[in-house]
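Note sheet for the following structure.
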Amino acid sequence: MNYVLALFLPPLSILLLGRVFLAIIVLLIWIPALIFSGGLTHPMFIALAWILIFQAREDRRAR
């Protein structure tokens with residue numbers, strides 16, 4: 001579910017992982033990046049969110 005959310009709203013997906021500070025920074029960079037680049041940088045934020053989701057899942061599995 002979180003992977004699908006990361007496709008459309010990467011900052012919200014990161015926020016749901018519990019990384020509030022990172023989610024705020026990503027939101028502040030993501031909105032202007034969407035406006036000025038026309039969405040060309042959006043895949044970079046999707047990749048960041050997916051990596052963080054994968055890391056969180058691996059951390060839970062290691063416990």
Side-chain angles (χ1 to χ4, degrees):
M1 170 71 178
N2 205 2
Y3 284 105
V4 176
L5 183 61
L7 283 173
F8 301 108
L9 296 170
L12 181 60
S13 177
I14 294 170
L15 182 66
L16 290 176
L17 290 173
R19 298 183 177 220
V20 178
F21 185 70
L22 184 61
I24 292 170
I25 291 173
V26 168
L27 180 69
L28 292 175
I29 297 171
W30 180 63
I31 292 174
L34 281 178
I35 294 169
F36 293 123
S37 73
L40 293 176
T41 57
H42 187 70
M44 176 183 64
F45 294 106
I46 292 171
L48 173 65
W50 281 3
I51 290 168
L52 291 173
I53 293 167
F54 180 76
Q55 282 181 341
R57 183 175 289 176
E58 289 297 316
D59 288 345
R60 274 187 263 137
R61 191 178 299 165
R63 288 185 200 170

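We count residues from 1, following the sequence as given. Computed from a predicted model, the values in this text were never measured in an experiment.
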Between side-chain atoms of residues 44-53 and protein atoms elsewhere (two or more places apart, or another chain), which donor-acceptor pairs fall under 3.5 Å?
unit_1	atom_1	unit_2	atom_2	d
Trp50	NE1	Tyr3	O	3.2

Distance-only donor-acceptor hits, side chain of residues 9-35, under 3.5 Å, sequence neighbours excluded:
unit_1	atom_1	unit_2	atom_2	d
Ser13	OG	Asn2	O	3.4
Ser13	OG	Asn2	OD1	2.6
Trp30	NE1	His42	ND1	3.1

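Note on Met1 and Leu5: separate hydrophobic clusters, where clusters join Ile, Leu, Val, Met, Phe, Trp and Tyr whose side-chain heavy atoms are under 4.5 Å apart, directly or indirectly.
With sequence neighbours left out, the salt bridge (Lys or Arg N to Asp or Glu O under 4.0 Å) criterion links Arg61 to Glu58.
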